[in-house]
Every structure is written in structure tokens, then in C-alpha cells.
Amino acid sequence: MKIYIVYDSDNGHTRALAEAISEGVKSVNGAEVYVNHVNHANIRDLEDMDAIIWGCPGHFGSISGGLKNWIDKLGYLWAHGKLVGKIGAVFCTTATTHGGVEATMLNLITPMLHQGMIIVGLPGNIPENAAYGSYYGVGITCPVDEPDNQLTQNDRALGKALGKRVAETVQRFAGNQ
Ligand SMILES: Cc1cc2nc3c(=O)[nH]c(=O)nc-3n(C[C@H](O)[C@H](O)[C@H](O)COP(=O)(O)O)c2cc1C
């Protein structure tokens, strides 16, 4: 099973979340994970993947320009239905709690649905998510006014949980084909 993680990141927060998600993917037997900054991500690799996970910093409640520009190059894949039936999941980071985490994730999910992908979110029965409530993917706030505004252990656990869930979902689909 092959899983592609593509992220945009200016200051490393979203990259750290992508790495946590990648660890979660790798915890599942047989999972191969490819992690790329959007500037190095090759659209032609997507066709060969079982799942695609993309994420970015929230920019004014929506997808960062870097990632949106890349997603807008997926027209050929859309026209030929190349991503139909692939598993998809999303993630983002923002600087403020109410600064658009959920809006950004919903905006990230929309193009996946247009591509015919099957979206995997994060349920509330995952212990780290029970009180956190990140259901559309993993959305993390890294407050700029805190001296150490890096990802916490809980943030990383949420990332790992999403990666693991995506890989397990691919396995389940493959088993039922
Ligand atoms: C152009 C721009 C717009 C932003 N808009 C928001 C916003 O609407 N809400 C918010 O909380 N943070 C916003 N931020 C802050 C980033 O989302 C946040 O710092 C993020 O964690 C950065 O991720 P990175 O370290 O991976 O680049 C914005 C940053 C930039 C550069």
C-alpha cells in the first residue's frame, strides 16, 4: 500500500504535523509513505497511490496559495478519473484557535470530493481526540504568542492517529475487493 503526504509549510509547523502523520502511516504493516513539500511533490506520482493526505497552514480560513496552486494542476487527473476511489485525508495548522482550522480543513476536503476520493476523518473515540474534537482531519493551533509554539505531544498523537487510520482504511478496502 502506498500513501502520499503533500504539505505546504513556511515555518515548519505543518511540516511537523505531516511528519507525525507519516509516523502513524508507518506503524501499519505494509505501508509505504512518501512525504513531500508541495514544491517538490510530483503530481504524476498520485496515480500510483492508494491514499493521498494533503495539508497546509490556514491562510485566512482557507488553503494556502502554494498548495492551492498545486491542487489546481490536478485537472488532467480529474478529467480521466485517475483519483476516483482513492482514500483522502487532510490536515492544517493555524496560529489562533478560532482562526479557521475547521474552515481550512473543509476547504481542503472539497477538491478531494471533486476528484471522487473517499474521505477519512478522525472520530471522537480516538482517546486524544475525545476532548479535542478534530473530526474533519487534524487541525492544530500553534499560538504565535506562546514562546514555544511547536506541536505538543497530543498534537503529534492526533497526527499519528490520522496516519494510522488512513493506512488501516486502505487495508480494509483492499481486503474487501
Ligand atoms: C498569509 C497568511 C495568512 C494567515 N491566516 C491565518 C488565519 O486566518 N488564521 C490563523 O489562525 N492563522 C493564520 N496564519 C498563520 C498560519 O496559519 C500559522 O502560523 C501556521 O501554523 C503556519 O504554518 P507553517 O509553520 O507550517 O508555515 C496566516 C499566515 C499567513 C502567512
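The structure displayed is predicted, hence computed values, not measured ones. Whatever order the structure lists ligands and atoms in, that order sets their numbers, starting from 1.
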ask   = For ligand 1, what is the set of protein residues having any non-hydrogen atom at a distance below 4.0 Å?
value =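 The 4.0 Å shell around ligand 1 contains Ser9, Asp10, Asn11, Gly12, His13, Thr14, Pro57, Gly58, His59, Phe60, Gly61, Thr93, Thr94, Ala95, Thr96, Gly99.
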ask   = Which salt bridge (Lys or Arg N to Asp or Glu O under 4.0 Å) pairs, counting each pair once, include a residue from residues 81-92, with sequence neighbours left out?
value =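 Every salt bridge (Lys or Arg N to Asp or Glu O under 4.0 Å) pair that includes a residue of residues 81-92, provided the two are not neighbours, is Glu47-Lys82.
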ask   = According to the salt bridge (Lys or Arg N to Asp or Glu O under 4.0 Å) rule, which pairs have a member within residues 109-137, sequence neighbours left out?
value =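 The answer is none; no pair qualifies.
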query = Is the closest side-chain donor-acceptor distance between Thr97 and Thr141 under 3.5 Å?
reply = no
message = Whether the Asp155 and Thr152 side chains hold a donor-acceptor pair (N or O, under 3.5 Å, no angle test) is what I'd like checked.
response =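 Per modelled atom types, Asp155 and Thr152 side chains form a pair under 3.5 Å.
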task = Name all residues meeting the ring-ring contact (aromatic ring centres under 6.0 Å, His included) criterion together with His37; count only those two or more places apart in sequence or in a different chain, and write none if there are none.
result =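 His37 satisfies ring-ring contact (aromatic ring centres under 6.0 Å, His included) with Tyr7 only.
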Heavy-atom side-chain proximity of Pro123 to Asn129 below 4.5 angstrom =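 Side-chain contact under 4.5 Å: no.
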